[in-house]
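Take a look at the structure set out below.
For this chain, numbers begin at 1 and follow the sequence in order.
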Amino acid sequence: MSTSRHTPRYVQIADDLRNKIQSGELQGGDRVPSENEISSSWSVSTITARQALATLRNEGLIEGVQGKGSFVRSKAPLVRLAPQRWFRPEHSDLTPTHEREAARAGQVATPERHSHNTQALADVAERLNIDPGDAVSETHYRIAMDGRPVSKSVSWEPLSLTRDTAIASPTQGAYATLGIVGRFDKIGIRIDEVEEVLNCRMPTPDEVAELNMPPQGTPVLAIQQTWRAQGLPVCTADVVFPADRYEFRYRMEIK
């Protein structure tokens, strides 16, 4: 660690704590020194101590727990593996993808979902290649693992494709648990492509509240998804994951 007089003290303190985390001296779940403890041991002001801890929070290395202090962030036990997570349901195993991911991590998934019909706003209409104001089903999801929220999403499907069919409601009926691919198979629309656009950003206040996130320091991964059948968009969605709760892993075939 640099002790140059040109290096700000909060940087030196953050470097020291970072080294302890990366070396394993401080492990996931361990408590890190408080502002007062840092102030005392390093002979600095609480403002300097606060800057050091804020640096580590912004790097995603620690998180604050209300009334308890700051702790080293544990690595995400949940793995989102793509493109293998997309599959056509077989009769032998109709387990939803989020339940498979939870089971691999030794956790239990609890989904919350509700749907209603509405009119497509301009951005949704553009993604679905329909006109603004056209009828769509809108579905809100929140998934928790062992009681802790890990994702929230909103999806839209054109009612011109699903109205008066067995899958008109994404959350009700005999096929509601089959996922998008399996549901559309049931009405003869074979989805053959899904596109994902990822963006890393800081969460909105509503996302912090709904996903039970710390107020500072944790970004989210926002994914815009669109499913197509022979080029026809059949569903689009916005999905948000707290970045510390999932590991995103991609395994691509090289031909």
Side-chain angles (χ1 to χ4, degrees), residues 56-63 73-88 96-102 104-105 107 109 111-113 120-130 136 138-145 148-158 170 179-184 191-229 231-255:
L56 298 177
R57 276 197 301 272
N58 291 336
E59 293 175 3
L61 294 176
I62 67 173
E63 60 184 343
R73 178 167 288 148
S74 299
K75 291 185 178 179
L78 295 162
V79 176
R80 185 181 188 275
L81 181 62
Q84 288 78 5
R85 74 186 315 268
W86 303 115
F87 59 91
R88 183 154 269 106
T97 301
H98 65 268
E99 292 187 12
R100 297 180 185 215
E101 292 169 346
R104 285 199 297 266
Q107 300 185 25
E112 300 174 4
R113 55 190 182 179
L121 297 178
D123 63 330
V124 171
E126 181 177 2
R127 287 154 61 176
L128 290 174
N129 197 24
I130 59 177
V136 294
E138 179 178 289
T139 305
H140 293 253
Y141 296 89
R142 189 177 75 149
I143 296 176
M145 306 287 190
R148 188 186 195 195
V150 297
S151 69
K152 67 182 293 290
S153 63
V154 186
S155 65
W156 299 270
E157 298 174 2
I180 293 172
V181 174
R183 286 177 52 248
F184 275 89
I191 294 175
D192 53 22
E193 176 185 272
V194 58
E195 178 184 12
E196 294 193 337
V197 180
L198 278 68
N199 177 37
C200 186
R201 58 172 173 78
M202 299 310 293
T204 66
D206 286 346
E207 290 166 349
V208 168
E210 192 168 353
L211 293 169
N212 193 21
M213 298 177 63
Q216 295 179 331
T218 303
V220 294
L221 281 168
I223 303 180
Q224 183 185 104
Q225 297 173 323
T226 303
W227 289 262
R228 301 184 181 91
L232 174 70
V234 302
C235 180
T236 192
D238 292 325
V239 193
V240 176
F241 297 85
D244 62 329
R245 298 177 194 175
Y246 252 99
E247 175 182 296
F248 285 66
R249 188 179 302 173
Y250 294 85
R251 184 180 299 158
M252 309 297 187
E253 181 181 359
I254 300 176
K255 295 183 179 180

For residues 122-129, which side-chain N or O atoms pair as donor and acceptor with protein atoms under 3.5 Å away, sequence neighbours left out?
| residue | atom | partner | partner atom | Å |
| --- | --- | --- | --- | --- |
| R127 | NE | T236 | OG1 | 2.9 |
| R127 | NH1 | D238 | OD1 | 3.3 |
| R127 | NH2 | T236 | OG1 | 2.9 |
| R127 | NH2 | A237 | O | 3.1 |
| R127 | NH2 | D238 | OD1 | 3.0 |

Problem - Backbone N/O of D192 and side chain of R228: donor-acceptor pair under 3.5 Å - result: no
Handout entry: Any donor-acceptor pair under 3.5 Å from R113 side chain to T139 backbone
Key = no
Problem - Listed partners of T97 passing side chain to side chain contact (heavy atoms under 4.5 Å, CB included), at least two apart - result: R85, F87, E101
Show the nearest heavy-atom pair for residues [X] and [Y], with the distance to one decimal.
| X | Y | result |
| --- | --- | --- |
| M145 | A109 | SD-CB, 3.7 Å |
| D244 | R148 | OD2-NH2, 3.8 Å |
| P203 | P219 | CD-CA, 4.2 Å |
| P158 | V234 | CD-O, 3.2 Å |
| P242 | S151 | CD-N, 4.5 Å |
| R104 | V79 | NH2-O, 3.6 Å |

Please report the interatomic distance [atom1]([X]) to [atom2]([Y]), rounded to the nearest 0.5 Å.
| X | Y | atom1 | atom2 | result |
| --- | --- | --- | --- | --- |
| E195 | E193 | CD | CD | 6.5 Å |
| L61 | L56 | CG | CG | 6.0 Å |
| T218 | I62 | OG1 | CD1 | 10.0 Å |

Problem - Non-neighbouring partners of Q225 that pass side chain to side chain donor-acceptor pair (under 3.5 Å), sequence neighbours left out - result: E196
Problem - With sequence neighbours excluded, residues passing side chain to side chain donor-acceptor pair (under 3.5 Å) with R249 - result: E247
Handout entry: Residues E157 and R183 bridged, charged N to O under 4.0 Å
Key = yes
Handout entry: Residues E138, H140; criterion side-chain contact (heavy atoms from CB on, under 4.5 Å); working and verdict
Key = CA-CA 7 Å; E138 179 178 289; H140 293 253; 2.8 Å; yes
Fill in the blank from the handout: Hits for ring pair (Phe, Tyr, Trp, His ring centres under 6.0 Å) against F241, two or more places apart or cross-chain, chain-then-number order -> Y246, F248
Exercise for the section: Check step by step if side-chain contact (heavy atoms from CB on, under 4.5 Å) holds for Y141 and S155. Expected result: CA-CA 8 Å; Y141 296 89; S155 65; 3.8 Å; yes
Exercise for the section: Determine whether V194 and T226 make a side-chain contact, defined as any pair of heavy atoms from C-beta on separated by less than 4.5 Å. Expected result: no
Practice task
Check whether any side-chain heavy atom of R245 sits under 4.5 Å from a side-chain heavy atom of M213, and report yes or no.
Solution key: yes
Problem - Test salt bridge (charged side-chain N to carboxylate O under 4.0 Å, His left out) applied to E207 - qualifying residues, sequence neighbours left out - result: R201
Exercise for the section: Dump the intermediate steps for side-chain contact (heavy atoms from CB on, under 4.5 Å) on V220 and M202, then the final yes or no. Expected result: CA-CA 6 Å; V220 294; M202 299 310 293; over 6 Å; no
